[in-house]
2 protein chains.
Amino acid sequence: MSIGHFMNDKNSHQISDPVNSPANKESTEAEFLKTYNIHEFDIPLTSVDMAIFTIEHDALKVLLVKRAQFPAKGQWALPGGFINLEDDNTLSDTASRKLKEKTGVDIAHLEQVSTFGGLNRDPRGWSVTIAYMALISCKNIVLKSNETSEDIVWVAIENVNKNYKLAFDHNTILTQCYQRLKSKVQYTSLPINLLPRAFTLSELQKTFELILGYPIEKKSFRRRVLGADIIAKTGEMRVGSNRPAKLYYANASGKEHLFQRNIEGPR
Amino acid sequence: MSIGHFMNDKNSHQISDPVNSPANKESTEAEFLKTYNIHEFDIPLTSVDMAIFTIEHDALKVLLVKRAQFPAKGQWALPGGFINLEDDNTLSDTASRKLKEKTGVDIAHLEQVSTFGGLNRDPRGWSVTIAYMALISCKNIVLKSNETSEDIVWVAIENVNKNYKLAFDHNTILTQCYQRLKSKVQYTSLPINLLPRAFTLSELQKTFELILGYPIEKKSFRRRVLGADIIAKTGEMRVGSNRPAKLYYANASGKEHLFQRNIEGPR
DNA sequence: TTATGTTAGTGTCTGTGAGGCACTATGTCA
DNA sequence: TGACATAGTGCCTCACAGACACTAACATAA
């Protein structure tokens, strides 16, 4: 951790001795770049992992895959993979590509949560993974296994720890994504993205309650949502064995509206 | 972006043909790891950059360095650098090492903000940078140039765009860090970390106002801060040319207390 | 046809903490 | 000793949260 140490050849990505270095002729950026070779340096392995959430059968679920390849072959993990340096222009390209590969979904709420890096999180060595969280409706979704995953399933969030031991530090990653989701329920309209296009207010409230972990007062919830100009009536009704309910859809601002105050919960 | 494409040798980090591959004997993870060589793969260059904020002379300032080496030699940028795979155990180790190198500070509020990655953000090719934000008191700080920076200065946030053209995508990074700070002022006690250990309530309010960009009502502010069990009296007073003010210090929870409601601003 | 149950949706109360503003308190300095 | 400046308080309104009893509209069973 000394200041001198960080200038060794393998880490500085710079010429440490401007006089004796064979590359001391580099006086322009173009020349510097000509002799620069990334493969000469010790850099971490960098990947993208994601927690894809949905609501199914009145439960918050996350997508898990069973790894078909080394390392951690046969273990359950969050879907993810490496950046394709040719096809991906940004990190979110990588994330949405992964999402599409597993679920076929290409429009969804996709949010970068946090980046994890360290020496011991992957047996291949120092590695970095950028964690994303996706919220999708599971309606009409077909999960796709491929070369990298021999199995793929929706798992209720409270069953993950009980029945699935996740590879690498994916439990930590999932926990942080879940935390982000839980904290955002309190002050945004984000969970709307977990539902299909048309939904009733009761369904929306149920979704909020599932994530929050406690019941919300119906009147407060409706006042809050209806007063925010984030949803509009489709004009249709959901008919069941009771009084039919108005159907709504989220308008543009509804995808992530910020409320001025938090949901406070029961007194 | 096709599914097939991502399995090419250089990006999958896996053996694409389990039959004909020279490594098809890999039946255990240990064997897989023995033949795994990170330098064979196309992976992005990965670094850490940071926006170090402080309050000086009634202004919010950020630390900028003038780059002494290629690429972007001679240009202003956020301090940052590469992960030292030997000495850094996690990403935040890298961040705190950088903070210490430049400012000598080793305890501060340090927070990961966002990760930026793409093909075009660095002339060396596909690169990823993990952006951190640090909040420190500039009291008794000595800025240190070194091999990588020929100059290092505090710049008032509103002067950055006016007088400094930042290298790479550092303007975007700085903007996001600043946004994060601005949004956190509304519902946390975070700005407390920008002040020295002892401060008056007026100084704290001034700090909040500088970041928010508008004045806060004195009574509201004091009620909010005093009601939250986040600060305590030192017992000393700040004497000036007026009525002396009580000095306070932040207790543990004061470093990042979450308020239930946002500061709302003038009506 | 009517009673009952269930879910949809409303009226209206209290409570909390925000903003506003006039007030008092306590120091320095001319 | 009085003007001033900044510290700190008392008390008002307002917005929006929670609570809860109420009404509305359907299916179904008696």
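Chain letters run A, B, ... following the sequence lines, proteins first and then strands; every chain starts at 1. From a predicted model like this one, the values you see are computed outputs, not experimental measurements.
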Whole Å only: how far is the [atom1] atom of [X] from the [atom2] atom of [N]?
{"X": "Phe259(A)", "N": "dA15(D)", "atom1": "CZ", "atom2": "P", "result": "18 Å"}
{"X": "Tyr214(A)", "N": "dG18(D)", "atom1": "OH", "atom2": "C1'", "result": "12 Å"}
{"X": "Asn242(A)", "N": "dT28(D)", "atom1": "CG", "atom2": "P", "result": "9 Å"}
{"X": "Lys233(A)", "N": "dA8(C)", "atom1": "NZ", "atom2": "P", "result": "16 Å"}
{"X": "Glu203(B)", "N": "dG8(D)", "atom1": "CD", "atom2": "P", "result": "11 Å"}
{"X": "Arg238(A)", "N": "dA8(C)", "atom1": "CZ", "atom2": "P", "result": "10 Å"}
{"X": "Glu217(B)", "N": "dC21(C)", "atom1": "CD", "atom2": "C1'", "result": "7 Å"}
{"X": "Met237(B)", "N": "dG27(C)", "atom1": "CE", "atom2": "P", "result": "7 Å"}

Any base atoms under 4.0 Å from [X], or only sugar-phosphate, or nothing? Heavy atoms, all strands.
{"X": "Leu201(A)", "value": "nothing"}
{"X": "Arg224(B)", "value": "sugar-phosphate"}
{"X": "Gly265(A)", "value": "sugar-phosphate"}
{"X": "Lys218(B)", "value": "base"}

Gap separating the CD atom of Glu150(B) from the NZ atom of Lys66(B), nearest 0.5 angstrom: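 One finds 5.5 Å between CD of Glu150(B) and NZ of Lys66(B).
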
If we count only N and O atoms by modelled type, under 3.5 Å, do the side chains of Ser202(B) and Lys218(B) hold a donor and an acceptor together?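 Per modelled atom types, Ser202(B) and Lys218(B) side chains form no pair under 3.5 Å.
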
Between [options], which nucleotide has the shortest distance from any of its atoms to the side chain of [X]?
{"X": "Lys219(A)", "options": "dA19(D), dG9(C), dG8(D)", "answer": "dA19(D)"}
{"X": "Arg267(B)", "options": "dA7(D), dA25(D), dG19(C)", "answer": "dG19(C)"}
{"X": "Ser241(A)", "options": "dG9(C), dG27(C), dA27(D)", "answer": "dA27(D)"}

Close aromatic pair by centroid cut-off 6.0 Å: Phe208(B) and Phe221(B):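 Centroid separation for Phe208(B) and Phe221(B): below 6.0 Å.
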
For Gly240(A) and for Ser220(A), find the nucleotide of DNA chain D with the closest heavy atom, then tell me which residue's nucleotide is more 5'.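 Between the two, 5'-proximity favours Ser220(A).
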
Position toward the 5' end of DNA chain D (nearest nucleotide), Thr200(B) or Arg261(B):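 The residue closer to the strand's 5' end, by nearest nucleotide, is Thr200(B).
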
Using modelled atom types only, decide if a donor and an acceptor are shared between the side chain of Thr200(A) and the backbone of Ala245(A) within a distance under 3.5 Å.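 No, because the side chain of Thr200(A) does not come within donor-acceptor range (under 3.5 Å) of the backbone of Ala245(A).
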
Contact under 4.0 Å: Arg243(B) side-chain N or O vs dA25(C) OP1/OP2: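 No, outside the criterion.
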
Under 4.0 Å between a side-chain N/O of Ser202(A) and OP1 or OP2 of dA8(C), yes or no?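 Indeed, a polar side-chain atom of Ser202(A) lies that close.
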
Any donor-acceptor N/O pair under 3.5 Å between dG18(D) base and Arg223(A) side chain: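 Present.
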
Any N/O donor-acceptor pair, Arg222(B) side-chain to dT9(D) base, under 3.5 Å: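 No, the side chain and the base share no sub-3.5 Å donor-acceptor pair.
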
State whether Phe116(B) and Arg121(B) meet the cation-pi test: NZ (Lys) or CZ (Arg) under 6.0 Å from the six-membered ring centroid, and within 45° of the perpendicular axis.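 No, a cation-pi geometry is absent between Arg121(B) and Phe116(B).
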
Take the angle between the ring planes of Phe53(B) and Tyr178(B) and call it parallel below 30°, perpendicular above 60°, tilted in between.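 Aromatic pair Phe53(B)/Tyr178(B) classed tilted.
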
5' precedence on DNA chain C between Glu264(A) and Tyr248(A) (nearest-nucleotide basis):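 Nearest-nucleotide comparison on DNA chain C picks Tyr248(A).
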
